[in-house]
There are 2 protein chains.
Amino acid sequence: MTRTYENNRSAELLDAAAVRFADAGYHKTTIREIGDAAGMLPGSVYYHFPSKADLLLAVYDEGVERVGGAVDAALEGKVDPWDRLEAALGGHLTAILEASAYARVLLSVLPSDVPEAAARLRDARDRHEDRFRELVADLDGDLGVDPALFRLFMLGAANHAKVWFHPGSRRPVDIAAELVRVLRGSEASDRSSEPAGAS
Amino acid sequence: MTRTYENNRSAELLDAAAVRFADAGYHKTTIREIGDAAGMLPGSVYYHFPSKADLLLAVYDEGVERVGGAVDAALEGKVDPWDRLEAALGGHLTAILEASAYARVLLSVLPSDVPEAAARLRDARDRHEDRFRELVADLDGDLGVDPALFRLFMLGAANHAKVWFHPGSRRPVDIAAELVRVLRGSEASDRSSEPAGAS
DNA sequence: ATGAATACCAAACAACCGTTTGTCAAGTCT
DNA sequence: AGACTTGACAAACGGTTGTTTGGTATTCAT
């Protein structure tokens, strides 16, 4: 049985790559920088990953898993469909705006940036966005719009926060709450307004 | 009087640059490609523009002007604030999704992609987004959210269409209409629901 | 102890990047 | 006609890029 050796710095490498990819994007990040940050020469990176694109892909997959975890955690215990949507968006935004470089990569590098890996990057991203497809489908009231369009508007609005968000003022979960409040107005035409219990 | 000569291919150069920047982004576009597309050697590009960043900036400015023009044209004759917002979004989306490579550049290259020109790129972009600040401010009813946040959500949702839009199915103006309909729900809490005329 | 796998280093490779330099025909001004 | 400007070409420059190759100390299985 030949198995791991455990002087392995693959994890540090991946961390370093995640930070650089998230902050500078794919093309502005060089193998040399990543290697440097992991205390490694550029050539050594290729012992761990066969190419720069594969390195990105590994980061991307890990990113999907982490945002997914954040969403799952936020979702725990919530039962009302709108509450669930808000919680999921809260987890999503927290991960992407504050928590993890891995998560941020999902927004700062587009699949089209790396044609040779575009299909697999899109797969990874879809794997995450599918959660929201479900959450939107579970909303009871008539939305007044195509649910697919509703989801795209919602994710577009949320992810755009990456551009204007700066930590310290509004918390990601507050942004999620406000967004859901705006979107929720659209169902108020039929079953209009009980102010929803509270206290 | 020393004046122009008019064998000048600056315009073709700018067009070529706009298309490449829009389709491939800043870093993946090379001066050689742009020169090629304009029938020019790479060195000759520098007769017209002092640097790649300056070339982008010229494209960007022209882009702002063209989307601005599309918005102005769409706005003509509209008086109701919500109608105006919808029209403006329609013009914005049409320009960005179908009409002009110059317009598309506003979405496909971020100011942060080119640090040496980031400030001036942001200026250009703000010049355009300020129109929407006004349009949102003119909405009468209480929005139920911070107008700034409302604007950011709206532009985020709209611009995200660049990712999922494909020509032939839904028209940009229809997307704008749907988006406004979703957002408009949020004003229905106080002055709830006259179904707004219609046969 | 021996042999193989591990996890790197050191150095280079070819390709490509944005940009500069020197040159020059064609057009315009005087 | 001569001087000067325009709009390019041709060729290279220095630097950076992702990647490859060959070597080597350390660790592990036998």
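Chain naming here is simple, since letters A, B, ... match the order of the sequence lines and numbering starts at 1 in each.
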Rounded distance in Å - CZ (B/Phe21) to C1' (C/dG18):
12 Å
Under the side-chain hydrogen bond (donor to acceptor under 3.5 Å, both in side chains) rule, collect the residues that match up with A/Arg120, sequence neighbours excluded.
none
Whole angstrom is fine here: how far is it from CG in A/Asn8 over to P in C/dA5?
17 Å
Residues passing the side-chain hydrogen bond (donor to acceptor under 3.5 Å, both in side chains) test with A/Glu129, sequence neighbours excluded, are none
Atom-pair distance (CZ on A/Phe49; C1' on D/dG18), nearest Å
16 Å
Rounded to whole angstrom units, what separation is found between the NE2 atom of B/His48 and the P atom of C/dT19?
15 Å
ring-ring contact (aromatic ring centres under 6.0 Å, His included): which pairs involve residues 19-47 of chain B, sequence neighbours left out?
B/Phe21-B/Tyr26
Atom-pair distance (CE on B/Met40; P on C/dT19), nearest Å:
16 Å
Is B/Asp146 salt-bridged to A/Arg170, cutoff N-O under 4.0 Å?
yes
Expressed as a whole number of angstroms, how long is the span from B/Glu33:CD to C/dC16:C1'?
11 Å
Residue pairs fulfilling side chain to side chain donor-acceptor pair (under 3.5 Å) with at least one residue in residues 90-101 of chain B, sequence neighbours excluded
B/His92-B/His128, B/His92-B/Asn159
Distance in angstrom units between B/Asp36 CG and C/dC16 C1', rounded:
14 Å
Numerically ordered, the residues 22-30 of chain A set in heavy-atom contact under 4.0 Å with DNA chain D is A/Thr29, A/Thr30
Could you check whether any side-chain heavy atom of B/Ile175 comes within less than 4.5 Å of a side-chain heavy atom of B/Glu178, counting everything from C-beta outward?
no
At less than 4.0 Å, is any side-chain N or O atom of B/Tyr47 found next to OP1 or OP2 of D/dG7? Yes or no.
yes
Look for any protein N or O under 3.5 Å of an N or O in nucleotides 19-24 of chain D and output each such pair with its distance, or none.
unit_1 : atom_1 : unit_2  : atom_2 : d
D/dT19 : OP2    : A/Tyr46 : OH     : 2.5
D/dT19 : OP2    : A/Lys52 : N      : 2.9
D/dT19 : O5'    : A/Tyr46 : OH     : 3.2

Under-4.0 Å side-chain N/O to phosphate OP1/OP2 contact, B/Arg9 with D/dA8
yes
Whole angstrom is fine here: how far is it from CD1 in B/Ile34 over to P in C/dC17?
11 Å
In residues 11-19 of chain B, what residues come within less than 4.0 Å of DNA chain C, judged by heavy atoms?
none
Using the test side-chain hydrogen bond (donor to acceptor under 3.5 Å, both in side chains), find all partners of A/Arg125 that sit at least two apart in sequence or belong to another chain.
A/Tyr60
List in chain and number order the residues that pass ring-ring contact (aromatic ring centres under 6.0 Å, His included) with B/Tyr102, two or more places apart in sequence or in another chain; answer none if no residue qualifies.
none
Go through the structure and list residues passing salt bridge (charged side-chain N to carboxylate O under 4.0 Å, His left out) with B/Asp72, not counting sequence neighbours.
B/Arg131
Just to verify, what does B/Asp80 make a side-chain hydrogen bond (donor to acceptor under 3.5 Å, both in side chains) with, not counting sequence neighbours?
none
With B/Asp23 via side chain to side chain contact (heavy atoms under 4.5 Å, CB included) - residues at least two apart
B/Val19, B/Arg104
